[in-house]
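Written below as structure tokens is the structure these notes are about.
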Amino acid sequence: MRWMNKPISSLLHNCENLKSLKSIHARLLIDGSIFFSDVFLNKILRLYANFGALDHARKLFEKISQPNSFLWTALIHGHVENCLYDDSLLIFRLMLKQSVQPLSFTLLSVLKASARQSRIRDGESIYSLVLKYGLESDPMVQNAVIDMYSRCGEVDIARQVFDGMFGNMGVARALFEQMSVRDSASWNVMVSGYLDAGDLAAASSLFDEMPKQDVGSWNVMISGFCKAGKMNSARELFERMPLRNVASWTMMVDGYIRNGDMKNARCIFDQMPKRNLVSWSTIIAGYAKNGQPNLALDLFNQFKETGIEPDETFILAIISTCSQLGVLDIAKGIISEYVQDIHLYSMQLVTSLIDMHAKCGSVDEALQVFNEASTKDLVCYSTMIAALANHGRGRDAINLFYDMLQSDIKPDGVVFIGVLSACTHGGLINEGKIVFKMMVEDFSIKPSERHYACLVDLLGRAGYLEEAYELIQSMSIEPHSAVWGALLAACRIHRNANLAEVAARHLFKIEPENSGNYILLSNVYADLERWDDVAKVRSMIREQKVRKTRGSSWIELDCVVHEFVMGDMSHFDSSIIYSVLDLLFEDVKNFGCSIYYPTDDAERWI
DNA sequence: ATAGGGTTAG
């Protein structure tokens with residue numbers, strides 16, 4: 001009956017999407033499992049993984065009575081490729097438990113997983129397996145080991161734990177020198193390791209030593225210089241390289257984006273001879289990250305005309321753009337078009353959905369997505385906690401934080417910012433202090449400027465201005481604008497001119513161009529009817545040539561975003577908008593409220 | 001081997 005095999009294998013070979021794969025799989029089930037050779041099973045497993053349908057892959061795998069090494073490896077590799085690193089390591093442990101011997105490719109995959117997670121302990125135990133099975137001479141495995149070390153080398157904690165034994169480039173270099181066969185990848189990996197470790201000089205000299213530099217070598221160098229923020233050097237390499245591919249171009253775009261230089265990023269992007277999905281997601285995510293989500297959305301509309309099929313990463317960038325704009329309708333349109341069953345997608349995507357719902361105003365929908373998610377990691381919890389905090393549900397946020405600790409997830413600095421802000425929004429002063437203490441003492445997390453700003457805000461709002469000021473003075477790091485800003489804002493609320501002056505003096509030194517600080521101080525004086533001082537601040541603004549920060553607002557209507565600045569007359573329907581606004585002001589006045597009427601005259605602000 | 005992705009105060 002072997003002749004039956006041919007059509008199936010060609011069917012599988014030409015299978016291009018999840019739907020057709022499912023139908024092939026279903027047909028095979030009906031035809032009878034006799035045709036399920038290990039080779040076909042392997043192919044189906046890999047295809048499910050390619051389409052991101054890991055749960056299908058797992059279901060299929062569970063039905064196999066005695067999976068061989070290749071099937072285990074396919075499942076593990078599929079998880080790694082879909083960034084489900086923890087799961088891949090879990091499956092790997094299961095494989096060892098059942099005494100199935102790993103292949104060198106298996107070890108390669110799990111090495112990558114532990115490298116990506118900076119899990120040096122796992123990496124180390126996998127390396128001991130490499131030695132046990134005598135695979136250490138395989139150049140591919142060696143590259144993965146070097147990659148694992150150099151990637152983990154970025155993690156300070158790992159460095160401390162292993163006390164220089166691991167995570168240093170010395171180990172990687174020694175392995176490199178020992179290698180019997182060095183291909184171009186080995187060289188590139190070494191260069192990239194030095195770059196990750198911040199040793200640009202060593203990377204450059206190794207790059208010069210290379211017997212032959214291919215596009216990859218140049219790209220490794222450019223990517224390193226971009227990450228180090230040395231854009232001039234990166235640009236120089238880019239101009240000098242004999243042959244550029246899409247990755248080279250995209251990397252330059254990304255490099256400028258990382259440095260907040262959207263002008264040059266866009267310039268390179270516009271010059272690209274060829275753009276692919278990665279190029280598009282880079283520039284779109286770049287605009288979103290650099291506070292220009294409107295431009296991101298414009299580019300998304302341009303992207304749609306290219307006919308390129310978006311992938312999960314791309315969708316992620318768009319969803320996070322929508323979160324920033326708060327444009328729920330557009331986001332929902334995108335989700336209904338591209339995201340069918342959230343269980344099929346990565347935790348990152350689920351997290352961005354939670355954030356999106358919360359930022360677009362619906363905590364309940366965010367909670368629904370959160371509760372539906374089968375597994376949750378630290379970032380997922382952090383997002384949900386911050387969402388609850390921003391919606392004033394401080395108590396719920398704190399409860400969720402304790403749930404998280406109960407499920408043995410170790411908190412980091414970010415989640416504590418969420419918890420502290422939950423305390424602030426909920427007026428939970430004591431809890432805030434307890435949480436801060438817990439962070440420092442129980443989890444040995446060094447409080448950052450942001451943590452201090454949260455705590456100052458918490459104390460200040462509650463009226464404990466002196467305590468807040470003492471906290472600032474006790475800080476182990478130099479207090480920056482956010483910390484003094486929180487104190488100044490609290491002084492405004494509680495009309496404390498003395499401390500406001502202290503805070504303002506620091507702020508004027510740190511950010512003399514920020515108009516908000518002058519306005520806040522002047523407001524404190526105005527509340528106390530100290531008009532002479534108000535005049536003094538006003539003249540300071542004139543002398544300092546303070547830049548006026550222009551605020552804008554926007555609204556989404558039928559999936560179109562309309563943006564407005566103060567005194568804006570550019571909108572097509574401006575006259576109607578303003579006449580409605582006038583009516584609204586009349587109404588409010590008739591209710592007996594005094595209102596602030598926006599004008600172009602900045603003096604009116606004070 | 002080399003390019004894009006989730007959470008962070010006021």
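In what follows, chains are A, B, ... by sequence order, proteins preceding strands, each numbered from 1. All values reported here derive from a predicted model rather than from experimental measurement.
A:Arg461 pairs by the side chain to side chain donor-acceptor pair (under 3.5 Å) definition with A:Asp457, not counting sequence neighbours. Take A:Glu372 and apply the salt bridge (charged side-chain N to carboxylate O under 4.0 Å, His left out) test, not counting sequence neighbours, and it matches no residue. The side chain to side chain donor-acceptor pair (under 3.5 Å) test applied to A:Ser248 returns A:Asn219, A:Asn245, not counting sequence neighbours. With sequence neighbours left out, the side chain to side chain donor-acceptor pair (under 3.5 Å) criterion links A:Arg235 to A:Glu239, A:Tyr256. Residues passing the side chain to side chain donor-acceptor pair (under 3.5 Å) test with A:Tyr452: none are found, sequence neighbours excluded.
Nearest to the side chain of A:Met251, among B:dG4, B:dG6, B:dA3, sits B:dA3. Closest approach to the A:Ile417 side chain among B:dG5, B:dA9, B:dG4 is made by B:dA9 (side chain taken as heavy atoms from C-beta onward). Comparing B:dA1, B:dG10, B:dG4 by their nearest atom to the side chain of A:Val189 picks out B:dA1.
Nucleic acid contact class of A:Ser248 (heavy atoms, under 4.0 Å, all strands): none. Residue A:Arg492 is out of contact with every strand shown, counting any heavy-atom pair closer than 4.0 Å. Here A:Arg244 lies out of heavy-atom contact (under 4.0 Å) with every strand. At the heavy-atom level, A:Lys376 lies nowhere under 4.0 Å from the strands shown.
In this structure, A:Lys433 forms a cation-pi arrangement with A:Tyr464, its terminal cationic atom sitting closer than 6.0 Å to the ring centre and no more than 45° off the ring axis.
Within 3.5 Å, a donor on the side chain of A:Asp311 pairs with an acceptor on the base of B:dG4, or the reverse. Judged by atom type and distance alone, A:Thr351 reaches the base of B:dG6 through a side-chain donor-acceptor pair under 3.5 Å. Between the side chain of A:Asn276 and the base of B:dA3 there is at least one donor-acceptor pair of N/O atoms closer than 3.5 Å. Judged by distance alone with a 3.5 Å cut-off, a donor-acceptor contact links the side chain of A:Ser281 to the base of B:dG4. For A:Thr383 and B:dT7, a side-chain-to-base donor-acceptor distance below 3.5 Å is absent, hydrogens and geometry of angles not being considered.
Judged by distance alone, the side chains of A:Asp396 and A:Asn399 never bring a donor and an acceptor atom under 3.5 Å apart.
Applying a 4.0 Å cut-off to non-hydrogen atoms, the residues of residues 312-323 of chain A that approach DNA chain B are A:Glu312, A:Thr313, A:Phe314, A:Leu316, listed by residue number. Contacts between residues 384-393 of chain A and DNA chain B, defined by a heavy-atom separation below 4.0 Å, involve no residue at all.
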Side chains of residues 382-390 of chain A: which donor-acceptor partners sit under 3.5 Å, not counting sequence neighbours?
| from | atom 1 | to | atom 2 | distance (Å) |
| --- | --- | --- | --- | --- |
| A:Ser382 | OG | A:Leu378 | O | 2.8 |
| A:Thr383 | OG1 | A:Val379 | O | 2.7 |
| A:Asn390 | ND2 | A:Ala386 | O | 3.2 |

Please output the side-chain donor-acceptor pairs of residues 364-371 of chain A that fall under 3.5 Å, not counting sequence neighbours, one pair per line with the distance.
| from | atom 1 | to | atom 2 | distance (Å) |
| --- | --- | --- | --- | --- |
| A:Asp364 | OD1 | A:Arg393 | NH1 | 3.4 |
| A:Glu365 | OE1 | A:Ser362 | OG | 3.2 |
| A:Asn371 | ND2 | A:Leu367 | O | 3.2 |

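Applying the 4.0 Å criterion to OP1 and OP2 of B:dA9, one finds that A:His480 has every side-chain N and O outside that range.
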